[in-house]
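For reference, the structure discussed in these notes is given below.
Both backbone and side-chain heavy atoms feed into the values below; hydrogens, waters and symmetry mates do not.
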Amino acid sequence: MYRVSYRAEGTWRLLTRRGWSWQQPTRRAIERDDDAIEVWKSGPRRTPSSR
């Protein structure tokens, strides 16, 4: 409509003036599976291909 553009810094300033903040969880999820997370972080397991 007015074609106004803002940089990231300006957008953040506008949001903080309105009372917005980063969305951060206050606690860890109950369903969290630390073992599965470590497997995911280590990457896919590769097996030698048989050719």
* To do: Tell me, please, which residues at least two apart from Asp34 pass salt bridge (Lys or Arg N to Asp or Glu O under 4.0 Å).
  => Arg32
* Asked: Partners of Trp20 by side-chain contact (heavy atoms from CB on, under 4.5 Å), sequence neighbours excluded?
  -> Leu15, Arg18
* Hey, quick one: are Tyr2 and Leu14 part of the same hydrophobic cluster, counting side-chain heavy atoms closer than 4.5 Å, chains of contacts allowed? -> yes
* Asked: Out of curiosity, Arg13 CZ to Glu9 CD, how far, rounded to the nearest 0.5 Å?
  -> 7.0 Å
* Asked: In chain order, what residues pass the salt bridge (Lys or Arg N to Asp or Glu O under 4.0 Å) check against Arg7, with sequence neighbours excluded?
  -> none
